[in-house]
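Computed over heavy atoms, backbone and side chain alike; hydrogens, waters and symmetry mates excluded. Read the numbers this way: they start at 1 and go in the same order the structure lists the ligands and their atoms.
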Amino acid sequence: MPSKHRKMHNPNYFSWKEAPSGNYAVIGDPISHSLSPDMFDAAFKHHHLDLTYHRILVQEDEFDEALNHLSSIGYHGLNVTLPLKSLAYEWVNTREPDAESSKSVNCIQLDIRAGNNTDISGIKYLINSAKISGKKILILGNGGAAKATVCALQEEYEIAIWARTPNNDYISSGNICYLDQLDLTGFDAIIHATSAYRAGESLAFNSSQLKDSAVLFDLDYSKDRQTPFLSQFPESHAKYDGSKMLVKQGALAFKWWTQLNLDEKVMEAAISKWT
Ligand code: NDP
């Protein structure tokens, strides 16, 4: 199936069939927005590693074929972004505990077919950087990032999930419920974890339902930290985009792959050049 997001001119990524041989890459669909190459190139340079990192477009229905191909042309590690994290979970043979608990894999070691999820630590880092006045959190979405968010926060917060396509993954857990309607009333924090705005769509909600003290998070990120989702709310609310999460999950993936510690400021600096 052709990608909905394929760029026609000057793409800053490779389709998997045309990818050059290399060491590391981020895969997804869409993929042109990913800042991972900037972060990893900075990390490799910092450690004097002569390694390459590319953006590679992989469509859902070609996932297995693409991974076998990338493995065969020398890739060692892949970061996995939307909408491929569940497929990555199925593809790997061994999983780190955070990948198992979230049923979502955001980085892979291809040669040993192992999967990890560093989004969970990234989300904790993002949420802990803010001051939330209570325990009631609403998560919007039900994909890989939303699942990682539930895993990251369920011990400390009461969680409600609103999703366009609800499922019963978490229904048995005592402090997690699903909302039938997208209603923001009473929550201390809202965490946006859908891909709607990336696809040029938007969510319909009534922002006046929000508590004055409510904090807004968007796992998506943008140059000015004002994502389309966050801009729908008044400036009086504390708002955080997903940049801090991006850096944390990237630094942890780097460590998992290379066994080298990385000062996160190296990746932060790469992102700030972009801003
Ligand atoms: P997935 O493709 O796994 O999930 C996407 C989710 O968005 C699904 O629940 C999907 O619902 C929902 N969705 C898509 N369009 C709409 C719509 N119009 N209305 C309502 N729901 C919609 O993506 P991820 O979970 O991996 O990523 C989600 C977001 O999180 C992305 O913006 C991504 O960039 C961001 N992210 C940021 C990270 C960071 O480091 N800062 C790391 C990981 C993700 P349905 O099942 O019905 O299609």
query: In terms of the angle between their ring planes, are F63 and W91 parallel, tilted or perpendicular, with boundaries placed at 30° and 60°?
result: perpendicular
- prompt: For N116 and T118, does a side-chain donor sit closer than 3.5 Å to a side-chain acceptor?
  reply: no
Euclidean distance, K239 NZ relative to F229 CZ, rounded to 0.5 Å: 9.5 Å
- request: Say whether D220 and T227, considering side chains only, have a donor N or O and an acceptor N or O under 3.5 Å apart.
  value: no
task: Run through ligand 1 for me and note each protein residue having a heavy atom under 4.0 Å from it, chain first, then residue number.
output: L82, P83, K85, D119, G141, N142, G143, G144, A145, W162, R164, T165, A193, T194, S195, A196, E201, L203, L219, D220, Y221, G242, M245, L246, Q249
statement: Between the NZ atom in K248 and the OG atom in S129, the distance rounded to the nearest 0.5 Å is 11.0 Å
task: Mark yes when over 12 heavy atoms from residues, nucleotides or ligands other than K135 sit less than 6.0 Å from its NZ; otherwise mark no.
output: yes
